[in-house]
Asker: 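Quick one: this structure, given as structure tokens, is what I'll be asking you about.
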Amino acid sequence: MFEVNDDANGARHAIVQTEHTQEAALDTADNRFWRVVDTGQRNADGHLVSYDIHVNGTGKYRRDDVAHAFTNHDVYLTEFADCEHLASENLHPPCGKTLDTYLTGQRLTRPIVWVQVSFHHVPRDEDEPIMNQRSQGFVLVPRDVTAQNELVR
């Protein structure tokens, strides 16, 4: 998996890619997204198929207490494990109980990407004008799935 940052400096832009080969806890930033590449699948032009993950939102939810330490990062990369089902209150031994405890420094061969979506509020009449709509989410964007755009054929 790659972390992609647009290192803008005035009118110049430099794209900086950092490859993550081990489990990690990562955070969002302006002009940052992540690319997950399938090294076993290529399109008709021979390019590797991948997906970009763009995290968006209007706020972050963080809890400092130990029981909610998994909220301290926006994206987690873990190696696949059959018993890692839930980000919190995981009840499948022998895996940890929360997402942050899944990080054991393993090398990524079958990566799992966990994206935190911690806040979503659709206001009711009684919430206005104090609380407006706020939400967090992410967009999964396919890249190089086809050799050319199917809409322009």
Side-chain angles (χ1 to χ4, degrees), residues 1-121 134-152:
M1 181 160 125
F2 293 91
E3 179 177 296
V4 182
N5 290 283
D6 181 357
D7 188 16
N9 184 4
R12 296 181 49 137
H13 292 267
I15 302 298
V16 178
Q17 290 193 94
T18 305
E19 185 174 10
H20 293 283
T21 58
Q22 289 186 293
E23 293 181 321
L26 308 166
D27 291 308
T28 59
D30 289 341
N31 301 317
R32 174 179 293 164
F33 67 93
W34 289 273
R35 178 169 295 145
V36 180
V37 180
D38 183 347
T39 57
Q41 187 169 353
R42 295 181 181 271
N43 67 14
D45 281 348
H47 296 115
L48 290 172
V49 172
S50 64
Y51 291 86
D52 294 347
I53 300 171
H54 297 264
V55 179
N56 54 45
T58 57
K60 295 182 180 189
Y61 174 81
R62 302 286 195 241
R63 290 276 302 264
D64 292 334
D65 55 293
V66 174
H68 295 93
F70 64 93
T71 66
N72 291 332
H73 298 283
D74 301 313
V75 176
Y76 285 85
L77 296 177
T78 63
E79 178 63 12
F80 173 80
D82 279 331
C83 58
E84 294 174 355
H85 292 211
L86 301 171
S88 66
E89 304 302 323
N90 187 49
L91 301 176
H92 299 276
C95 288
K97 193 170 182 175
T98 58
L99 182 55
D100 56 304
T101 62
Y102 299 169
L103 298 178
T104 60
Q106 292 183 69
R107 181 165 178 74
L108 297 173
T109 58
R110 295 172 52 193
I112 302 296
V113 181
W114 302 78
V115 180
Q116 182 180 175
V117 179
S118 59
F119 191 78
H120 181 74
H121 177 76
R134 294 175 184 232
S135 64
Q136 285 182 302
F138 68 95
V139 179
L140 189 62
V141 181
R143 177 181 288 271
D144 296 329
V145 173
T146 59
Q148 71 179 33
N149 189 328
E150 297 295 321
L151 298 176
V152 294

Asker: Check C95 against E84 and note the closest heavy-atom contact, atom names and distance.
Answerer: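 In this case the closest contact between C95 and E84 is SG-CG, 3.4 Å.
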
Asker: Hey, are K97 and E89 close enough for a salt bridge, meaning a charged N less than 4.0 Å from a carboxylate O?
Answerer: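 Between E89 and K97 there is a salt bridge, with a charged N closer than 4.0 Å to a carboxylate O.
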
Asker: Given side chains that start at C-beta, do those of Y76 and D100 come closer than 4.5 Å, heavy atoms only?
Answerer: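 The answer is yes; the side chains approach within 4.5 Å.
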
Asker: Is the count of non-hydrogen atoms from other residues, nucleotides or ligands lying under 6.0 Å from D45 atom CG greater than 12?
Answerer: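 Enclosed: over 12 neighbouring heavy atoms sit under 6.0 Å from CG of D45.
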
Asker: Roughly how far, to the nearest 0.5 Å, is the OG1 atom of T21 from the CD atom of Q106?
Answerer: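 Output value for this atom pair is 12.5 Å.
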
Asker: Which pair of non-hydrogen atoms, one from V4 and one from I15, has the smallest distance, and what is that distance?
Answerer: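 Here V4 and I15 meet closest at CG1-CG2, 3.6 Å.
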
Asker: If we ignore hydrogens and angles and just use 3.5 Å, is the side chain of E23 paired with the main-chain N or O of L77 as donor and acceptor?
Answerer: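 Absent.
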
Asker: Considering only heavy atoms from C-beta outward, does the side chain of V113 approach that of V36 to under 4.5 Å?
Answerer: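 A side-chain contact exists here, since the closest heavy-atom pair is under 4.5 Å.
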
Asker: Side chain of N90, backbone of G96: donor and acceptor closer than 3.5 Å?
Answerer: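 Looks like yes, one N/O pair under 3.5 Å.
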
Asker: Between E3 (side chain only) and T18 (backbone N and O only), is there a donor and an acceptor less than 3.5 Å apart?
Answerer: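 Not at all, since once roles are kept as given, no pair shorter than 3.5 Å links the two residues.
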
Asker: Let me confirm one number: the OG1-CG distance from T39 to L48, rounded to the nearest 0.5 Å.
Answerer: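 Here the rounded value is 7.0 Å.
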
Asker: So, for H73 and L26, which heavy atoms are closest and what is the spacing to 0.1 Å?
Answerer: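 Smallest heavy-atom distance, with atoms named: CB-O, 3.5 Å.
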
Asker: In Å, rounded to the nearest 0.5 Å, how long is the span from OG of S50 to CD of Q41?
Answerer: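 It is 10.5 Å, given to the nearest 0.5 Å.
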
Asker: Is there side-chain contact between L103 and T78, with heavy atoms separated by less than 4.5 Å?
Answerer: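 Yes, at least one pair of side-chain atoms sits under 4.5 Å.
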
Asker: If you compare all heavy atoms of Q22 against all heavy atoms of G105, which two are closest, and at what distance to 0.1 Å?
Answerer: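 The answer is NE2-O, 3.0 Å.
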
Asker: Report yes or no: does D52 contribute a side-chain atom to a donor-acceptor pair with the main-chain N or O of V141 at less than 3.5 Å?
Answerer: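 A pair under 3.5 Å: no.
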
Asker: Taking all non-hydrogen atoms of both residues into account, name the closest pair between T98 and S88 and its distance.
Answerer: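 Where T98 meets S88 most closely, the heavy atoms are CG2-CA, 4.2 Å.
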
Asker: Closer than 3.5 angstrom, by distance alone: can the side chain of H47 be matched with the main-chain N or O of A44 as a donor-acceptor pair?
Answerer: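 Answer holds: no.
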
Asker: Using the rule given for side-chain contact (heavy atoms from CB on, under 4.5 Å), can you reason through R110 versus E79, listing the C-alpha separation, both sets of side-chain angles and the distance that settles it, and then say yes or no?
Answerer: CA-CA 6 Å; R110 295 172 52 193; E79 178 63 12; 3.7 Å; yes

Asker: Could you walk me through whether F70 and W114 pass ring-ring contact (aromatic ring centres under 6.0 Å, His included), step by step?
Answerer: CA-CA 11 Å; F70 64 93; W114 302 78; over 10 Å; no

Asker: Considering only heavy atoms from C-beta outward, does the side chain of F2 approach that of V16 to under 4.5 Å?
Answerer: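 A side-chain contact under 4.5 Å is absent here.
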
Asker: Nearest 0.5 angstrom please: L140 CG to F138 CZ, how far?
Answerer: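 The distance works out to 6.5 Å.
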
Asker: Roughly how far apart are L108 CG and F80 CZ, rounded to 0.5 Å?
Answerer: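 Those atoms lie 13.5 Å apart.
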
Asker: For the CG atom of N56 and the OG1 atom of T28, what is their distance to the nearest 0.5 Å?
Answerer: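 Answer for the CG-OG1 pair, N56 versus T28, is 10.0 Å.
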
Asker: Within the distance-only criterion (no hydrogens, no angle test), does the side chain of D27 pair as donor or acceptor with the backbone N or O of D74 below 3.5 angstrom?
Answerer: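 Between the backbone of D74 and the side chain of D27 there is a qualifying donor-acceptor contact (under 3.5 Å).
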
Asker: Grab the two heavy atoms, one from N43 and one from V145, that are nearest each other, plus how far apart they are.
Answerer: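 For N43 and V145, the tightest heavy-atom pair comes out as CB-O, 3.6 Å.
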
